[in-house]
Amino acid sequence: MNHLITATISLLGLQGSILAAPNILLIAVDDLRPELRCYGEEHMHTPHIDALAQSGRLFRNHYVAVPTCGASRYALMTGRRPTSASDDNNAFNAMPATETASPESWIHLLRQNGWHTASMGKITHEPDGFRWSFPSNYDDNRSRANEPDMRFSFDEIIYDHDKWGARRYPLFAYADGTGRVRNVSPAYEIGVDEEGNSLPDEAYPDGQMALAAIEKLREFKDDDKQFCLALGFHKPHLPFNAPKAYFDLYPPEVLPGPDPVSPPTGANSSTGSSGEPNAYTAIGDRDILRRAYFASISYMDAQVGKVLDELEALGLDKNTVVVLWGDHGWCIDDYARIGKHSVLERAVESPLIIRAPESSNPKAFAGLTTNGVVESIDIYPTIADLCGLSDQVPATAVGSSLVPMLRNPFAPGKNHAYSRWGSITAIRTETHRLIRSGGGVNDLYDLTGHRYELADISASNPELTTNLANLLRVQSSRPGITYETWADNNARLLDPTADADGDGLSNLMEYLSGTDPLVPSSKSEPSLVFEDLGRGPEAVFSFQLSSEPNDFTLFPSTSTDLKNWSTSPLEFLNTSQGQDDSTPWLRFRLLQPEVNRHFFRTEAEIE
């Protein structure tokens, strides 16, 4: 039987298609570290967030600005870099009291431009979005609501306190309608009824919130509104309360232990401390507590699944950007500590998954992890970029758009991320973490062999320690160029469809492959070879892609008749290095080996 297989490369368009600006669904999750199966934690049961990651972009190295709820969420909303020891849970007190032309948050920016904005759950520091006056024991006796934490961002702030009542702190909800009582309430609750059966999801606030979010999505669909829905789930924040069914997913005898098991050896600087767990009883057995934390995550995951399933059922998923974000990490006996208030890796790493419409999320790259270092403050410019509002981002929002990493998971991240807790500051590069105490003492950790800090190596690496310490004062940004910058006003390069050096490749493809557009011998053409990858000889299609371009989207596709092209039959294999060992080649094959002839091509779209 004859096999005709060709490789071609072509240009889809010079500018991106004009599409309707997307809806936004932000899912903010409290105290969620990357304890998800899609982050490599095989013991976890998180099918719904895993499915989101498979259709979007998972950021493996995402770091929050401050490892506490209020300050981390303030940085998310404003895009501001934390600058002082006062960046804590009172951070939203800095929000403006009067509305100005400059938006107070990226959600305010959307509202100014016609999006209908709604908040549900914990988006700011308060679980219902309002500032309350607190007596000394604020757990269950809030005195009155004042203004919203963000006065001008939302058209609607939606929260039903239900059986817990507005005066109780709804974040600390137990199934019987009580809230936390300090030093009396347990750190976890296995939700069962009088007969020992698992309680329904709606026995706790997150289950009720998922149903309310579904109704709100239906309302948006019926009213044909362009919307931004900010949905904040409480779990897995303490207390780790969830229906029994989610505890049953985690037999205690098979659960992993802490990692690392002890504080970093040789550490000189303080990493911070957390007194929050001491407000609860039943915190002594950390294995039980770890199981409860995992159960709370699976409970939250189920609620996320309900909302995302409804988004798809309503047909809203195709033009809705979904952002799932954890506000900081957590330690459960890792480093022999418990809680979040630290600048160690476990406390400041958190999940970030973004699923954008296909114009910024090519199917060929859906589900691939990006490993570049990114920060929560980057979400503001990313949302603005996806919504066509980049020119309205205020100068105070100092992050970098992550859209290039949505389009191309191999695009580089930032050279470092910055975090702080009180007077303790830290940066994270691709390979190291440096921590500086308020007294100026530096600790340095090499994370290339183990993800988490094991031993301070600052004494044996003084030059590197000094260089990284100097970065504490520098706001990091993503590298990258645009076609216009690359062309540099060279008349021969201004037209992307032209072929300046006559080598058969357009200027655009030279730009994308990282070759010299003015030297005919510098070219990189797509490759098609047969390899045996365990299914017998099969075609492997590959092409070179530079990491520098920031303004393109690639659409690899295949066809049997040169008329109908599709990405769906293609499976991304891996990357391989070119001869210069710097510019990677992307390798694809057919999902199912076929005997029919196939043509392959890569189309490129630039803004």
Side-chain angles (χ1 to χ4, degrees), residues 19-30 46-56 105-124 127-130 148 150 153-164 166 170 173 199-235 243 299-325 353-359 361 383 386-387:
L19 302 174
N23 304 308
I24 306 294
L25 173 60
L26 169 68
I27 302 174
V29 186
D30 212 347
T46 51
H48 306 290
I49 295 177
D50 298 343
L52 176 65
Q54 280 298 308
S55 58
S105 68
W106 59 262
I107 294 179
H108 189 200
L109 175 65
L110 295 179
R111 188 183 183 201
Q112 289 175 329
N113 284 275
W115 274 258
H116 183 88
T117 59
S119 166
M120 188 177 293
K122 186 174 177 180
I123 298 302
T124 58
D128 53 7
F130 285 89
M150 298 195 301
S153 293
F154 295 108
D155 292 297
E156 301 178 85
I157 297 178
I158 306 161
Y159 199 94
D160 183 357
H161 295 88
D162 195 59
K163 60 187 175 184
W164 294 278
L199 290 174
D201 289 357
E202 296 74 33
Y204 297 99
D206 281 358
Q208 297 182 10
M209 201 185 314
L211 298 182
I214 288 171
E215 290 303 314
K216 180 54 64 175
L217 289 174
R218 291 172 180 170
E219 179 185 313
F220 289 146
K221 174 70 172 180
D222 291 343
D223 295 343
D224 196 24
K225 286 183 177 178
Q226 186 177 53
F227 66 85
C228 170
L229 175 60
L231 177 61
F233 287 116
H234 300 143
K235 296 301 134 182
Y299 169 61
M300 173 276 301
D301 174 78
Q303 313 320 307
V304 170
K306 295 172 188 176
V307 175
L308 294 181
D309 286 349
E310 185 65 20
L311 189 76
E312 181 177 357
L314 294 171
L316 295 172
D317 58 312
K318 297 296 187 292
N319 197 39
T320 297
V321 175
V322 179
V323 179
L324 185 134
W325 172 80
I353 301 170
I354 302 177
R355 187 179 71 193
E358 189 177 354
S359 59
N361 178 32
I383 296 295
L386 291 168
C387 294

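Treat the numbers as computed from the prediction; the structure is a model and nothing was measured.
Pairing each heavy atom of R111 with each of D155, the nearest pair is NE-OD1, 2.9 Å. Taking every heavy atom of both residues into account, S153 and H108 meet most closely at OG-CB, 3.6 Å. When all heavy atoms of H234 and P127 are compared, the pair lying nearest together is NE2-CB, 3.7 Å. In this structure, C228 and I107 approach most closely via the heavy-atom pair SG-CG1, 4.2 Å. Pairing each heavy atom of D201 with each of A302, the nearest pair is OD2-CB, 4.4 Å. Looking at every heavy atom in both residues, A230 comes nearest to F154 through CB-CE2, 4.1 Å.
With a 4.5 Å cut-off on side-chain heavy atoms, I27 and L308 count as touching. Looking at L231 and K216, their side chains never come closer than 4.5 Å, going by heavy atoms from C-beta outward. Counting heavy atoms from C-beta outward, W164 and P205 have side chains that approach closer than 4.5 Å. Residues E202 and L211 are in side-chain contact: their nearest non-hydrogen atoms beyond the backbone lie under 4.5 Å apart. For the pair C387 and P22, the minimum side-chain heavy-atom distance is below 4.5 Å. Using a 4.5 Å heavy-atom threshold, the side chains of D128 and F130 count as touching.
Going from atom OG1 of T117 over to atom CD1 of I24 covers 12.0 Å, rounded to the nearest 0.5 Å. We find the CG-OG distance between L26 and S119 to be 9.5 Å, quoted to the nearest 0.5 Å. Between atom CD of residue Q303 and atom NZ of residue K235 there is a gap of 12.0 Å, rounded to the nearest 0.5 Å. Taking CE of M150 as the start and CD1 of I123 as the end, the distance is 7.5 Å to the nearest 0.5 Å.
Side chain of Y299 to main chain of P243: no donor-acceptor pair is present (N/O by atom type, distance under 3.5 Å, no hydrogens or angles). A donor-acceptor pair under 3.5 Å is formed between the side chain of D301 and the backbone N or O of I49. E310 contributes no side-chain N or O that, together with a main-chain N or O of L217, makes up a donor-acceptor pair within less than 3.5 Å. A donor-acceptor pair is defined here as one N or O able to donate and one able to accept, closer than 3.5 Å; no such pair exists between the side chain of N23 and the backbone of L229. Listed for the W325 side chain is no donor-acceptor partner under 3.5 Å among the backbone atoms of I354.
Of the listed residues (L311, D317, I353), just one forms a side chain to side chain contact (heavy atoms under 4.5 Å, CB included) with V322, and that residue is L311. Here the rule is side chain to side chain contact (heavy atoms under 4.5 Å, CB included) with V323, and of L386, I383, L25 only I383 fits it.
No salt bridge links R355 with E312; every basic N to acidic carboxylate O contact stays at or beyond 4.0 Å. One finds a salt bridge joining D30 and K122 here, because a Lys/Arg side-chain nitrogen approaches an Asp/Glu carboxylate oxygen to under 4.0 Å.
With sequence neighbours excluded, the residues that form a ring pair (Phe, Tyr, Trp, His ring centres under 6.0 Å) with F227 are F220.
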Subject >> Residue pair E156, K225: steps toward the salt bridge (Lys or Arg N to Asp or Glu O under 4.0 Å) verdict >> reply: CA-CA 14 Å; E156 301 178 85; K225 286 183 177 178; 5.6 Å; no

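Between the side chains of Q208 and D160, no donor-acceptor pair is found at a separation under 3.5 Å.
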